Amino acid sequence: MPAAEISQSASQSRVRQLQVGHVSDVGLVRPHNEDASLIVESVFEGDQAAETVGLFVVADGMGGHQAGEVASALAARIVAGSLMQEVYIPYLRQATHQADQLPLTEALQQAVEAANQAVHEQVPGSGTTLTCALVLNARAYLAHVGDSRAYLYYNQELKQITRDHSYVDKLVELGQISVEAAAVHPQRNVLYRAVGQGDQLEIDIHLLDLPPGSRLLLCSDGLWGMLADSIIQAVLASARSPQDACQELIAAANEAGGRDNITAVVIERVGK
Ligand code: CA
C-alpha cells in the first residue's frame, strides 16, 4: 500500500467507542463470592457502520449454602441469553431495528422476568439482585431490581441512577431515618424486592445518554456499602482507564474492611 493510502487509512481508523473494566473480589470476610457478573461487548465496523453493543450484568445472590452464588449466576446467564436472542441476534441479521422486534425496554423487562422465573423454579429459597445495562452506541438501557447500583460519572458529577429496593431506602424516602443512619442500620441488607422470590416482579427501567467522557459504574453493595460516594467519584474522575478504576475501587473497599463481596464494572464512552 502506498504511503499516502496508509496515512489516509490510519486517519480514518476509528477509536473504539466503549472501554470496559471489570473486577469481582470475594472481599476479606466472606468465604465465597456470591456476586456474578457478565460482560458481552461487540464492536462492529463495516459499510459505513460503526456500532457498539454492550451488555453488562451485575447480580448479588442471597440464600445460604451457596444458593446465593447459584442464583446470581443463573440470573446473569438467563438475562444475557434472553437479550442476545431478542436484541443482539436480530440486530446482526437485520442491521437496523425492525418494527416487528420487541422494543428494547420490553426486551429488558422480558429478560429479567425470565431470570426471575428461572431462579424461582431452580433455586427455591434464594434470590438475587440484578442490575443490567444494555448499551447501544451512546445510549444505555438499564433494568434493575435489588440493591446493586448503577452510577453515572460525568463532568465532575456522580449521579446514582438506580434506587435500592431495600427497607432502609424506603425509610429514608419516607423521612423516617437519615441517609447516615441507613448506612449503619442493622437491617440495611434486607430487600423488599429481589429476583427469584415470586411470580410478580416489578422491574425498574432507566434510559440514559452516555456523553463522551462519561463513565457508567455497575456495582454490588460490597462496593457502595464500604465507600462514600465522594470516594467513588474521585476514583472515577482520576483513574486512567476503566480497568484501573475497577481495581482502585476494589482496593479501596477492601482497605475499608472488605466486609462483603465486591464487584465493579465500569463502562466508559470514549471521547472528550
Ligand atoms: Ca452483597
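When reading the values below, keep in mind they use all heavy atoms of this one structure, side chains included, and skip hydrogens, waters and symmetry mates. What you see is a predicted model, and the numbers here were worked out from it, not measured in a lab. For ligands, and for the atoms within them, numbers begin at 1 and follow the listed sequence.
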Donor + acceptor pair across side chains of Thr263, Asp35 (<3.5 Å): yes

Polar contact flag, side-chain donor to acceptor under 3.5 angstrom, Ser148-Asp221: no

Closest approach to the Ca ion (ligand 1) by Asp60, given as the N, O or S atom name: OD2

Asp221, N/O/S atom nearest the Ca ion (ligand 1): OD1

Minimum-distance atom from the Ca ion (ligand 1) among N, O or S atoms of Asp260: OD2

Donor-acceptor side-chain pairing of Arg149 and Tyr151 below 3.5 angstrom: yes

Between Asp204 and His165: side-chain donor-acceptor atoms closer than 3.5 Å: yes

